[in-house]
Amino acid sequence: MSLVAFAILAGLILAGALVVVFSSNIVRAAVALAFTFFLIAGLYFMLGSPMLAVVQFAVNAAAIPILTLFIIMMTRSRSVRPASGIFVLVALAVVIAFAGGLWAYLGAAETQVFPVSPEGIGLRLLSVTLFPFEVASVLLLLAMVGAIVLARRVEE
Amino acid sequence: MSRMPLPLDRHIKPKLVGYDPTRPRPGVERLAYTLFFGSLWALVVVAYGLVPALFRSQGWLDGALGFFFYAVIEALLAFGIAAVVALILIVVLRKYLGKVQERVGPMHYGPAGVLQTVFDALKLLGKEDFAPANVDPLIFRLAPAITFVSAFLMLVAVPVAGGWVMADLNVGLLFIVAASTLGAYGVVLGGLAQGGKWGMLGAFRAGAQLVSYEVPLALALLAVGVYSGSLRLSDIVEHQQGLWHVVPMFIPFLVYLVASIAELKSTPFDLPEAESELIGGFNTEYSGMSFAFFFLAEFVELFLLPALVVVLFFGGWHGPLFGLDPASFAAQALQSFYFLVKTAVWVWIFMWIRATLPRFRDDQLMDLAWKGLLPLALFGLILAAFLRMFVEVV
Amino acid sequence: MIYANLSYWIPLLPFLGFLMLILLGPLFRGRLSGWFATLTMALVAFLALGLLAEALRAAPQWRLVGGEVELARGALSGFPFRLEWPWLSIQGEAGISLTFYIDQLAALVVAMVAVASLFIHLFSIGYMDGEARYPTFFAYLQLFTAAMLTFVMAGNFFIALLAWEVMGLMSYLLIGFYYKKKTAQAAMKKAFLTTKLADLGFMLGLFWLYKELGTFDLATVAEKAALLAVPVASGIGLLVFVAAIGKSAQFPLHVWLLDAMEGPTPVSAMIHAATMVAAGVYLTGRFYPVLEQGQALGYVAWIGGITALFAAVLAPAFADVKKIMAWSTVSQLGYMFLGLGVFGWAAAMFHLLTHAFFKALLFLGSGSMIHGSKTQDIFEMNRLGRYMPWTWVTFAVGALALIGVPPFAGFWSKDLILDVAKEHAPVLWFIGMVAAFFTAFYTTRMFVIAFHHPSLPSPWKAAAWNKDCPELNLKAGDCPPDPAPEPDHKPHESGAEMIIALVALAALSLIVGFWGSPLFGQSLLLFLYPGEAPEIIPASKLFGGYVIGTLVALAGIAVAWGLYARDPLKQRAPLWLTQALQRRLYIDEFYYRVVAEVAQWPTKALWLLDTYVVDVVVDAVGYVTMITGQALRYLQSGKLAVYALYIALGALALVFLGGARW
Amino acid sequence: MITLGHYLTLSAVLFAIGLFGVLTKRNVIAVLMSVEILLNAAAIAFAATAAYRDPLFFSGQLFALFIIVVAAAELSIGFAILLTLYRHAGSVSTDVIEEMRG
């Protein structure tokens, strides 16, 4: 039962990702990206971490594609030109090698999922990983300031 | 209310004897609104109380099939609630705007025009769903659907009474934030898909506005979460047992109120559609069912955002129970009644704001979000943490 | 023990004063910074005198009985005073501790430095008034004093070396205080390089000493000196003595001191007369056990004797009052080394003390003369004795002390040294006597011309050989002679604080000599008496020496008076001799032209090596890099995707090669 | 039953797809979207491994959270650069940023 659900979910995720990569219409690609991320949030639900799922939903599935759409609008780009054929073949070879290389390590057969409560993550986040947490906040601040500075029109 | 002379040649005289469309009929209207409210309440009681109780008592929920059916039925009921709310609110809003603007509003379909929406819906369903030539058909169709789904998603998390909630998420507050962010998709995609200038401008405005106001909104919600110590909405409501959050959390309340009106894209924040400037903005090219979805979504949100105000700040379902056992069915029904009443009051306030205030300029809009609300929301967050640590524990 | 326990404040206070002035100097208005520094020094002098009194009480008491020294009472417990703080200890080992070691000598010299420095400060308040960098000047003085005091009190040679180097730096800064003058720039470099070259000997000697004895500690070194092999001890001793030669401006490293007179007139000059140059003598005194073990004292004595004579002979050829004084300093320091070299340890230290005071007096007096008459040339000074009575009196006291006329300070100490020399090295005694004659000669010449003659056109300013400055390696235009004042100018007496300083130092010059004189039982010498040393000579034996010394001095005075009272301008010596003397026997030029050239030979060899070996290698590396870069630039296609591909390939390599395992 | 291997396989394939996108796209926006897929694939691997193997510390989930944070930061900066690029060159194709060619 759950395997069926997983299969459907995984299939849709992969399909969405493929659309992102292969669609020549960039708006569709962005929508597919949102769709893929939305389904990945479902994956996190299955992994017993609603917290992660909702964060994935709010940030990756909602905010980031909207930002992407915004940029698409601002730069008035619509279509994606494909790369030259030879390069596509090279990339394909690399990708296959990559997937194959990763495949070699995929023998894990654990079956039991340990769910995690939001409180657990929160406590953990603010105790052991407090320093990375603070660093992340600084990173976000820097990103914010950096984005403003970069995107600001320089007035002559 | 003044009587307005109507040109006879544009007016089909109704068949009903003695009916005069120019004459207001407050008695009929009140009766109709009461009936609307009652039917909504009945639907809520059925969806939240009767059906789960039935399934639970028969033990159907244990089997996979029973659970599947339960889920389907609940989803349909939720959709039904959303549809009913939208249908009711459309006519109520039109009537109310009419009253504010000193006219009678819709009067022709149903007694005193109370069935107007039904005919509106029929008209929209009957119209050709037209898509201009240069649009991306997939995105064009997807946009209204996403809009409606995002509004509908929030409904799932709202608790209407003690134990009466469709999905009691332990991250409900974050879920609300996420779902409301999703609402921006429909607008942006809708504007983007049309390929026209109005749509594009509307999409720009909507995207900027929704994303900007998302930030203070989320911070205000977070303040409530910090203060009540839980992200679960029913816990937040329980936490207001003694004192409604509106008192200690007044600043987040204000922020949330303004930001949710902005999320609603209604006046004074209706820049994305702004008929006088953008001919409808992101929904310029929509017609028929697609337009109806946008429309529905808007009115479902007009119900849900006030409902969240009630849940987060005005004690949710809390009210006098007259000695009833809070776990009993009757008490829960009463609680859902309180909840709906409070929500109705807040819906009215939202309508009132919409009817009276003029529209912002877009730079004022941004200033308000980033320079006004954001610092206020941050202050509210700190205040909430302070209260949580030093006042409430003592 | 109160003062001994407080003694670390003695160097610390001027250091704090330095920090204060260097950081907040611009906030001090007018003369405030000078008064601040002087007040600090007054405090330090108070502490130092207290320390000396304490040391006098606590030191072992010797008695002179029938020409033999015998111990009346041993040292009190806790003497010599010792303060110690752990410092530079590495991983719990003892390392090098910060030690202050105050025995009789240190207490005496600390008091001397503190008092002399106090009067320098006091004098400078008036003298430096109106200078642009007034607070900075006092800050330098403070740090200089702090370093000198640290050096004197240092309980181990490592600390001493640090303080020694700080002194070198401050000397450099003070000489170059008027750094806009070309001559000052050249002089500061010259002084710095000369003394640094000498310091190399100090460092090498210290490291060698540490290798042999495993300690830097002063007292331990003195105890263990006897364990050193004779050649080793003489090697170490001579290396350290090189540093002393450099610092104390002994032949052949005397060249810097004369040019150090480029610093602000009385003060930096006085430092280069009374305190800093004394450090070399002090250091040699501290290394005495090692030198003695190494049987190297003969070199010390000969260097001292030669320098004493050499400088005294050169001095009469100069017309600049400060330069005469500088030669005099070199000469007197030579006496001290002479005394050290002929086992007259305590006598040399006695002379160190008296010389500090009367030379400080003379320098401040000459500063006052320069201040009053606006010239440094003795010929151009206009009957100063008439216009500057205070300066005249005090300068006369200083001059008599320098000449060695009884009962002034120099008389007791110099003749004691000469007596010791007569006992151990008659040749050196004779040299010392000749030098004493010349000392009297040049002092009288200077005194007569400056104080009693109306102003004259300076005879040497116009001389062809004085047009440029070969001794500073400068060209003609870079060192213009100072402008002469009006022919009949009216000098004026200096301000009150300057006169107070002069009078105080004059009084000290008069008094201090008695402390070591036979009249008072040579009590200073007994105080300093290190044990078995032969320089305590019974008064009866001393008498003959004193008579000869006085006669020689009077002869010098008489000759100078006879030659210069009438006609100072008359050219008596052959012109080539005058030129040679004024060119300082061409030693400076020899250094600049020949030694510097020779010293550059290895440099040039290295330059060739650098050009034809190192550069080729470096260039080859550059070319290889460039060619490789040229080849590899095709990898940098500018296409984003290609870069991403490289990243992916790298990651792929990690996946396959890294061997990540479950 | 679903095993950890299922998730990791999904992650690997997703990663490969994203990598292909990064390599072949010419539009910088599309490249950035593909990078997002890469990051999410990694996050899935982290979260899944933690869910199956790390019941006490769930470090993987935290890693996934940080990945989301980093992704957001990266994207905002990336888009800001993109916007500047667009103003500078009038296009967001990788063809216009070949000034670094050796």
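Proteins get letters first, then strands, A, B, ... in listed order; numbering begins at 1 in each.
- Across every non-hydrogen atom of A:Ile26 and D:Ala30, the tightest pair is CD1-N, 4.1 Å.
- In plain terms, the two heavy atoms of D:Ala51 and A:Leu47 that are nearest each other are CB-O, 3.6 Å.
- With chain A as partner, the option from D:Val22, D:Asn40, D:Leu19 having the largest number of non-hydrogen pairs under 4.5 angstrom is D:Asn40.
- At a 4.5 Å heavy-atom cutoff, D:Ala41 makes no contact with chain A through either its backbone or its side chain.
- For A:Phe70, the CZ atom counts as densely surrounded, since its 6.0 Å shell holds more than 12 non-hydrogen atoms of other residues, nucleotides or ligands.
- The two atoms that bring D:Met33 and A:Ala30 nearest to each other are SD-CA, 3.7 Å, heavy atoms only.
- In this structure, the side chains of D:Ile29 and A:Ile72 come closer than 4.5 Å at one or more pairs of heavy atoms.
- For chain D, the nearby parts of A:Leu18 are the backbone and the side chain; heavy atoms of each come within less than 4.5 Å.
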Hey, mind stepping through D:Val28 and A:Thr75 against side chain to side chain contact (heavy atoms under 4.5 Å, CB included) and telling me if it holds?
CA-CA 11 Å; D:Val28 183; A:Thr75 57; over 6 Å; no
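- At least one side-chain heavy atom of A:Phe37 sits under 4.5 Å from a side-chain heavy atom of D:Glu36.
- Taking the six-membered ring where the residue is Trp, the centroids of D:Phe20 and A:Phe22 are separated by under 6.0 Å.
- By the 4.5 Å heavy-atom criterion applied to side chains, D:Leu75 and A:Thr68 are counted as neighbours.
- To the nearest 0.5 Å, atoms CD1 (D:Ile44) and CD1 (A:Ile13) are separated by 5.5 Å.
- The heavy-atom pair separating D:Lys25 from A:Ser23 by the smallest distance is NZ-O, 3.6 Å.
- To the nearest 0.5 Å, atom OG of residue A:Ser49 and atom CG of residue D:Leu62 are 9.0 Å apart.
- Using a 4.5 Å cut-off between heavy atoms, D:Phe66 touches chain A through its side chain atoms alone.
- Between atom OG1 of residue A:Thr36 and atom CG of residue D:Leu14 there is a gap of 7.5 Å, rounded to the nearest 0.5 Å.
- In this structure, the side chains of D:Tyr7 and A:Met46 come closer than 4.5 Å at one or more pairs of heavy atoms.
- Closest approach of A:Ala143 and D:Ile77 over heavy atoms only: O-CD1, 3.5 Å.
- With a 4.5 Å cut-off on non-hydrogen atoms, A:Pro65 does not touch chain D at all.
- Counting heavy-atom pairs under 4.5 Å between each of A:Pro132, A:Gly16, A:Gly48 and chain D puts A:Pro132 at the top.
- From A:Asn60, atom CG reaches atom CD1 of D:Ile37 across 11.0 Å, with rounding to the nearest 0.5 Å.
- Here D:Pro55 is the residue among D:Ala50, D:Ala48, D:Pro55 with the most heavy-atom pairs under 4.5 Å with chain A.
- Only the side chain of A:Val116 comes within contact range of chain D, with at least one heavy atom under 4.5 Å from a heavy atom of that chain.
- The greatest number of non-hydrogen atom pairs below 4.5 Å with chain A, out of D:Val70, D:Leu85, D:Asp54, D:Leu83, is found for D:Leu83.
- Applying the side-chain hydrogen bond (donor to acceptor under 3.5 Å, both in side chains) test to residues at least two apart or on different chains, the pairs with a partner in residues 74-87 of chain D are A:Arg76-D:Tyr86.
- Among A:Ile64, A:Val128, A:Leu140, A:Val135, the residue making the largest number of heavy-atom pairs under 4.5 Å with chain D is A:Ile64.
- Note that CD1 of A:Ile71 and CG of D:Leu32 are 9.5 Å apart. Values are rounded to the nearest 0.5 Å.
- Atoms CD and CE, from D:Gln61 and A:Met51 in turn, are 11.0 Å apart once rounded to the nearest 0.5 Å.
- Between D:Tyr52 and A:Phe114, the shortest heavy-atom distance links the atoms O-CE1, 3.4 Å.
- Contact count against chain D (heavy-atom pairs under 4.5 Å) is highest for A:Leu52 among A:Ile148, A:Leu52, A:Val20, A:Leu33.
- Partner of D:Leu65 under the side-chain contact (heavy atoms from CB on, under 4.5 Å) criterion, chosen from A:Thr129, A:Ile121, A:Val59: A:Ile121.
- Contacts between A:Val113 and chain D at a heavy-atom distance below 4.5 Å involve backbone atoms as well as side-chain atoms.
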